[in-house]
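Written out below as structure tokens is the structure these notes cover.
Note that these values count all heavy atoms, side chains included, but never hydrogens, waters or copies made by symmetry. Throughout, protein chains are lettered first and strands after them, A, B, ... in sequence-line order, and every chain is numbered starting at 1.
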Protein chains: 2
Amino acid sequence: MGHLISVDMGGTTIRAALFQPEGDTPVLTRRTSTAVGPSVEANICKVIRAVWPVGETVAAIGVAAPGPIDGQRGVVFRPPNIPGWDQFPLRQYLEEEFKVMVMVANDANMAAYGEWKNGAGRGYDHLLYLTISTGIGGGIITGGKLLVGAQGMAAELGHVTIDPSGPCCPCGIKGHLEAYASGPSIARYLKEQISSGRSTALARETEITPELIAKAAKKGDKLSIEAFSNAGCALGKALAGFLHIFNPSIIIFGGGVSQSMELFMPALQDSLARHVLSPKYLEGLKLVHAGLGDNTGVTGMMTFLRHNYRGAYAA
Amino acid sequence: MGHLISVDMGGTTIRAALFQPEGDTPVLTRRTSTAVGPSVEANICKVIRAVWPVGETVAAIGVAAPGPIDGQRGVVFRPPNIPGWDQFPLRQYLEEEFKVMVMVANDANMAAYGEWKNGAGRGYDHLLYLTISTGIGGGIITGGKLLVGAQGMAAELGHVTIDPSGPCCPCGIKGHLEAYASGPSIARYLKEQISSGRSTALARETEITPELIAKAAKKGDKLSIEAFSNAGCALGKALAGFLHIFNPSIIIFGGGVSQSMELFMPALQDSLARHVLSPKYLEGLKLVHAGLGDNTGVTGMMTFLRHNYRGAYAA
């Protein structure tokens, strides 16, 4: 069996990692911007080439891409955060380019799988993973099995309605969770408040990013704290619904915004407690940060590839 | 192995059915009102005795009860539609009363299981079942497995938020699906419209039931048609979220209100199409009526009992 290459496509960054035939940690990782340059697919090829092992065999490439995705055909639909892609046949494109077997899967599903097998979710067979970043994605382990759905398009947890009169989601529908609690949504909330005349330490910044807001919140800027609380409140409402639907025993938060989870957690827990059908859903429930850090996506994708494609690509 | 007794506890009616050791159809069924008389538990005992086979052995009793339920301990929490029950230890109560093994499970989960094994969902391994009656419950088959959750409290699909400023749900939280589309919610909508001065053929009725509204709607009463459309619109919004979460290939509607599903289906389908993330979720998706009719609950409970308790109660 040859090496494995695992790719994690975020809305902002594409990471690639090289794994030895039996290794669980990447021996080489590279990253590039998602949308800069001629095309997203050219960037994927570039970053795969950057980790390609000279003089060694590559058995397969796994790409974790933003959903929804047709996992069986390896087609990525129209991800709100990847400009220009619509029904993009990523698997076919990469198989023609690199002449090895390619598997395409939902990025948050792969992160959930990785956290379950090797990260913060080890031993939990009813697990909910939420990635909060440029977008919001989800992954579900229920009864010790990854939930994928009939066409592999399940667990799009960012696209459930919090309030139908709420802000517009990048997908075009109003009031989705992603429109309240993703990084750009937190920034939009702050900018709206500035426009309506409220004061903040960030008023003179030309580009307000979630990272800047988190920094200001940690220094005590009230409006920045409120922006994260507003996101936490929406997350609590959505999670109450997810508890009623899945009854998990652990919720794992990944993605860039969750690096600052202490900023949204008080509002989240308060909102969750108010919206849950019975306190029984909260008994013993763990809310934790992802354990695999920046490599959650590539490690999860590699693990899934190894567990599910062995028969197909073993040499 | 002895006979099986299966009980379906609805908010209005309790049904019990007797099954022969190998039979799939009930040889005797009886029903009684849920809340009339000294207590709900006394009514359950009465209806179990009414189907108890004289001179024969009963191997086990299965009770499908409104959720949320702790399936492992057989405890029913505080079902909004069963007055007086709070952490009721139904399994223990019935085992002491009848001296046979008792299994307690969520009613809508059991109906989903029955439809999957013997009804409208045969052959579909990604199935969503929605019962629309006094309350709204759900059951999920995903990847060929019943979704039960860590404590057996999953698939409470009536308790997801449609609009946080919407009407109050019997569970106490505002804007849940159940507060829009259950039988009593459809009746409440009509009564509110009458109170605000709108005209309907039902204006002089003293007790407005979902059945009466359905009858009037079928005769062309505009306000009655609107009441069902209002429910259909909420159902479409909720189902869009469920498609994003589960990506099923079939949705089955059971429960009394779904007898009139043609009245809410146009609004449901319109709303579903407007709220879905990608038309891919609708490709090949079937929306159908439950195939087991009034016996969905008792048959599903019996089938689950037989498949999951055989080792435990086989004599």
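Within the 4.5 Å cutoff, the side chain of I252(A) has no heavy atoms near those of the L128(A) side chain.
Between chain A and the options S249(B), P164(B), G138(B), G241(B), the largest number of non-hydrogen pairs under 4.5 Å is found for P164(B). Comparing K280(A), K145(A), E283(A) by heavy-atom pairs within less than 4.5 Å of chain B, the highest count is held by K280(A). Counting heavy-atom pairs under 4.5 Å between each of T161(B), T142(B), L147(B) and chain A puts L147(B) at the top. The candidate from H176(B), H244(B), H275(B) with the greatest count of non-hydrogen atom pairs under 4.5 Å with chain A is H244(B). When V148(A), D70(A), I173(A), V160(A) are compared by the number of non-hydrogen pairs under 4.5 Å with chain B, I173(A) comes out ahead. The most heavy-atom pairs under 4.5 Å with chain A, out of L285(B), I162(B), L243(B), L127(B), come from I162(B).
Put simply, the side chain of S229(A) never gets that close to the backbone of A267(A): no donor and acceptor are under 3.5 Å apart. N247(B) contributes a side-chain N or O that, together with a main-chain N or O of Q151(A), makes up a donor-acceptor pair within less than 3.5 Å. Panel note: side chain R73(B), backbone R91(B); no donor-acceptor pair is recorded below 3.5 Å. Checking side-chain atoms of W116(A) against main-chain N and O of Y124(A) turns up a donor-acceptor pair under 3.5 Å. The main-chain N or O of G291(A) is found under 3.5 Å from a side-chain atom of E115(A) such that the two form a donor-acceptor pair.
Only the side chain of L157(B) comes within contact range of chain A, with heavy atoms under 4.5 Å apart. If you measure heavy-atom distances from L146(B) to chain A, you find no contacts under 4.5 Å at all. If you measure heavy-atom distances from F242(B) to chain A, the contacts under 4.5 Å come from the side chain alone.
F246(A) and F246(B) have their aromatic ring centers within a separation under 6.0 angstrom.
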